[in-house]
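In the text below, chain A, chain B and the rest are named by the order of the sequence lines, each starting its count at 1. The structure displayed is predicted, hence computed values, not measured ones.
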Protein chains: 2
Amino acid sequence: MSDLSFRNWQSVQDEVLRRINSRLWKPGDLIPNEAELATEFGCARATVNRALQNLADSGLLDRRRKAGTRVTLHPIRKATLDIPVIRREIEGKGHTYLYSLISSQTVIPPQGIIGRMQLKPDDRLLHLVCVHMADGKPYVFENRWINPRVVPEVSGVRFIDQSPNEWLVENIPFSSGDITFSALSATKFESGILACKESEGLFVIDRSTWRGGEAITSVRLIFAPGYQMHTDI
Amino acid sequence: MSDLSFRNWQSVQDEVLRRINSRLWKPGDLIPNEAELATEFGCARATVNRALQNLADSGLLDRRRKAGTRVTLHPIRKATLDIPVIRREIEGKGHTYLYSLISSQTVIPPQGIIGRMQLKPDDRLLHLVCVHMADGKPYVFENRWINPRVVPEVSGVRFIDQSPNEWLVENIPFSSGDITFSALSATKFESGILACKESEGLFVIDRSTWRGGEAITSVRLIFAPGYQMHTDI
DNA sequence: CTCATTATTATGTATAGACATATAAACAAT
DNA sequence: ATTGTTTATATGTCTATACATAATAATGAG
């Protein structure tokens, strides 16, 4: 097969993908080395390298020096999970957005937050509680902790007109984060805030973001019944 | 700044990252072009290209021909969401795994599935209902539809000893998929299967996978109370 | 002034060649 | 048998150069 039609890295990638999906190269298989593929495809080794590297990045190939390139046994797919500005999410669905701050105070956080954010025992955090509404109906309850030692800019913000969610997304870059998804049954407290029945199933996101080794913020978002989060893999 | 210490693409990437995080280059800013950076860093343009391309892939830079390279205003982070073999997930937590097939039949699916899987109106699907258990307690309820026209291999499988989840992950590669996360309140049906209280909040994953333009399978996973899904961004 | 054409420019990509680096496998020494 | 050393090899990366491509900016025709 000395086909001269593989002259760019995308077409090489497509051909490799075809061979993987057609099970010509099965999961776990060692595929020919770059030099051989370059000869077969009639292109430079760098072009093959670009294609295989890209497939390795997306998790379909495992590459190791000297050992060669193998088709991944159980590929892990990447999904894009953005941290949305809730206002835009609601307005994007064609609803009118309303935001309401319930409380704001600087306090010593509970043990759970200290652990999750790896705080010093005497760190005082800004605790914000608020609700985002769509067409007047509660959409999501935001329960947030912000570390003012890491984000000193926060001291000048009142969070009356702009939610902590929006302000943080717009102003504070982060280097990493972790997210936990779960469900809970509404207690009297949540059912009151979200205007739903008690013990109703609610979708929950717990998320912390970090800069360097320090936690910027940790938030629990409890969504009103019916909320769905969608993504592609 | 004619520092000669940027001789590989990672160090160039690190320096660019530093300038972004230190807000020397702010979100929205146009950064110097590749040729200028190459001169500044004392390396080839291709090296700068590799670094910037990588940062663009991870969403921190926006690049357009002629227009140049800008720092992304609202970066979207990528998370790795694998499709786990539930057996391994349970055993990985140190519990003993048990799988139980409740029903298996080939039928014309309901409207919702026809729509979600973009089926022809007369497509008959294999409908599988089963439960995965950890230490004898229900862990997740699996309600799955498989298209035997797309996956003819499925006709030879009984799903008595191996769950459809595990068989599909091990044997059927897919090219894309979509996932929806939500919560529901347990009905009498779910509370019976998952041994939980009626109306308790349950975490739900709806997932479809595709090969080319055709849906391979669509599944609803309803998890027992307390389940959490975790990922990093 | 408007619209189509052309020039300019920044990124995108291909190439050959060279060297770097990790590491499996063969071999040697204990 | 175990440990340490060498060697061969596949991937990783850099370089200089060239051309491709997209898109903005400048230009000119009507």
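The distance from atom CZ of Arg70(A) to atom P of dT23(C) is 14 Å, rounded to the nearest whole Å. Distance, Arg65(A) CZ to dT13(D) P: 6 Å, rounded to whole Å. In this entry the distance linking CG of Asn54(B) with C1' of dG12(D) reads 14 Å, nearest Å. Distance, Glu34(A) CD to dC19(C) P: 19 Å, rounded to whole Å. Distance, Leu52(A) CG to dA10(D) C1': 12 Å, rounded to whole Å. If you take CG of Asp62(B) and P of dA22(D), they are 18 Å apart, rounded to a whole angstrom. Taking atom CG of residue Leu55(B) and atom P of nucleotide dT11(C), one finds them 14 Å apart after rounding to whole Å. In this structure, the CG atom of Asn33(A) is 5 Å from the P atom of dA10(D), given to the nearest Å.
Checked by atom type and distance alone, the side chain of Asn49(A) never pairs as donor or acceptor with a backbone atom of Arg45(A) at under 3.5 Å. Side chain of Ser175(A) to backbone of Trp210(A): a donor-acceptor contact under 3.5 angstrom is found. Checked by atom type and distance alone, the side chain of Ser182(A) never pairs as donor or acceptor with a backbone atom of Tyr227(B) at under 3.5 Å.
Closest-nucleotide positions on DNA chain C for Thr69(B) and Ala46(A) were compared, and the one nearer the 5' end corresponds to Thr69(B).
Under 4.0 angstrom from either OP1 or OP2 of dT15(D) there lies at least one side-chain N or O belonging to Thr47(B). Between Gln10(A) and dG12(C), a side-chain N or O to OP1/OP2 separation shorter than 4.0 Å is absent. The side chain of Arg63(A) contributes an N or O atom lying less than 4.0 Å from OP1 or OP2 of dG12(D).
The listed nucleotides are dT11(C), dT21(C), dT9(C); the one nearest the side chain of Lys66(B) is dT9(C). With dA24(C), dT13(C), dT15(C) as the candidates, the nucleotide lying closest to the side chain of Cys43(A) is dT15(C). In this structure, of dT11(D), dT13(C), dT15(D), it is dT13(C) that holds the atom nearest to the side chain of Asn49(B). If you check dT13(D), dT15(C), dT11(C) against the side chain of Asn8(B), the one that comes closest is dT13(D).
The pair Glu153(B)-Arg23(A) fails the salt-bridge criterion, with no side-chain N (NZ, NE, NH1 or NH2) lying under 4.0 Å from an Asp/Glu carboxylate O. A salt bridge links Arg88(A) to Glu170(A): at least one charged side-chain nitrogen sits closer than 4.0 Å to a carboxylate oxygen.
Arg64(B) contributes no side-chain N or O that forms a donor-acceptor pair with the base of dT11(C) under 3.5 Å. Under 3.5 Å, the side chain of Arg45(B) and the base of dT13(C) form at least one donor-acceptor pair of N or O atoms.
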